[in-house]
Amino acid sequence: MDQTTATQASKPPPTVGDRHVDPHSYPDGIAFLDGQYLPMSQAKVSVLDWGFLHSDATYDTVHVWNGRFFRLDLHLDRFFRGLEKLRMTIPFDRDDVADILHNCVALSGHRAAYVEMLCTRGASPSFSRDPRQAINRFMAFAVPFGSVANAEQLQRGLRVAISDKVRIPPASVDPSIKNYHWLDLVRGLYDAYDRGAETALILDFNGNVAEGPGFNVFRVKDGKLSTPAIGVLPGITRRTVFDLCAEEGLVAVAADVSVAALKAADEVFVTSTAGGIMPVTEIDGAPIADGKVGSVTSRLMALYWQKHDDPVWSSQVSYP
Ligand code: PLP
């Protein structure tokens, strides 16, 4: 045994909290990489890829519920717009990408899945610093569905803290390009954990509420809905809330939401492909209104999940 192996062998296994974990374990799923469908454990990327070294990547996440994609077209639109804005090219068109995503889900067998398509700047064979020399890399994968809020939190509402961290401004990174610039959001999350909350909202550059790690936020006041307009990802679930409100005759606008206005709301909820519409019943340790999940939120949550069976909003996966 050489020195390195001996050192490795003497180390205790890694832990998360008080749990021992296998660092080589992966969620059960299927990835598409370099023209092949692979188990997640075999989908590996070069450490020289700019996606990894510089967060130079764009991605989109769509979910499958009861064996059906939800609003796949909107996710494909956003992904292809992001590629264009970042001047990335992939050897697949929209229909090809839709087929690849279908295949990942079908091969995984998951009927409830979190499905991601992504493109990194890639690496150049000479490790050039010129992004134009890099060969862009498209990848996709399907793993089990995951949610920002667990079953208990969906029932009683999330406990959120508002961090003073500021979301990267749109003049620096265009938020309509779905991206991995998350250091601000992750710092916000740690602020929230330190304050006993379950997740975080962070601010825009004017001090208004922006968004959280993987979700947009809505305020309901006197029956009207508002959600931050600037410095946020235009989420597909956020868009879905606007569409549901239009169907239901509810007024919903994109406008500045101050911290004080959010705390004084009748209802608050957050939205994400990872979990849908999720209630918030506590902010910075104080209840929102009576601290219970509100009626507008509950109604929108029910409608949102009903739409998952509607062929206008969803499409069937063909499993082998
Ligand atoms: N905001 C950020 C920063 C996100 O990363 C996400 C999703 O990952 C969202 C909002 C919600 O977007 P969507 O509803 O399209 O999942």
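Both counts, for ligands and for their atoms, begin at 1 and track the order of listing. Just so it is clear, the model here is predicted, and its values are computed rather than measured.
Stacking of R71 on the aromatic ring of W313 is recorded, both the 6.0 Å distance cut-off and the 45° axial limit being met.
Using a 30° and 60° split on the angle between ring planes, H308 and H63 fall in the parallel class, below 30°.
Distances between N or O atoms of I236 and those of ligand 1 include at least one value under 3.5 Å. For the pair T273 and ligand 1, the shortest N or O to N or O distance falls below 3.5 Å. For ligand 1, the polar-atom distance check finds an N/O of R78 within less than 3.5 Å of one of the ligand's N/O atoms. Of the polar atoms of R238, none of the N or O atoms is found under 3.5 Å from an N or O of ligand 1, judged by distance alone.
Only the side chain of Y59 comes within 4.0 Å of ligand 1, counting heavy atoms alone; its backbone N, CA, C and O stay farther away. Under 4.0 angstrom from ligand 1, the non-hydrogen atoms of W182 all belong to its side chain.
In this structure, atom 4 (C) of ligand 1 lies nearest to the protein heavy atom G214 CA, 3.4 Å. Considering only non-hydrogen protein atoms, atom 14 (O) of ligand 1 sits nearest to T237 OG1, 2.5 Å.
Near G235, with a cut-off below 4.0 Å to any heavy atom, the atoms of ligand 1 are 12 (O), 13 (P), 14 (O), 15 (O). Annotation for ligand 1: atoms under 4.0 Å from non-hydrogen atoms of R167 are 3 (C). Every atom of ligand 1 with a heavy atom of N216 under 4.0 Å away is listed here by number and element: 10 (C), 11 (C).
For Y37 and F32, the distance between ring centers is under 6.0 angstrom. A centroid separation of less than 6.0 Å is found between the aromatic rings of F69 and H102. Taking the six-membered ring where the residue is Trp, the centroids of F79 and Y59 are separated by 6.0 Å or more. In summary, the aromatic rings of Y180 and F52 are positioned with their centroids too far apart to meet the 6.0 Å limit.
The minimum heavy-atom distance between R121 and A134, with the atom names listed, is O-CB, 3.3 Å.
The heavy atom nearest to atom 8 (O) of ligand 1, considering only E211, K178, H181, is found in K178.
Between the side chains of S315 and R68, no donor N or O sits under 3.5 Å from an acceptor N or O. Side-chain contact check for N208 and S258: no donor-acceptor pair (N or O, by modelled atom type) lies under 3.5 Å.
Remark: distances from the non-hydrogen atoms of R239 to ligand 1 are all 4.0 Å or more.
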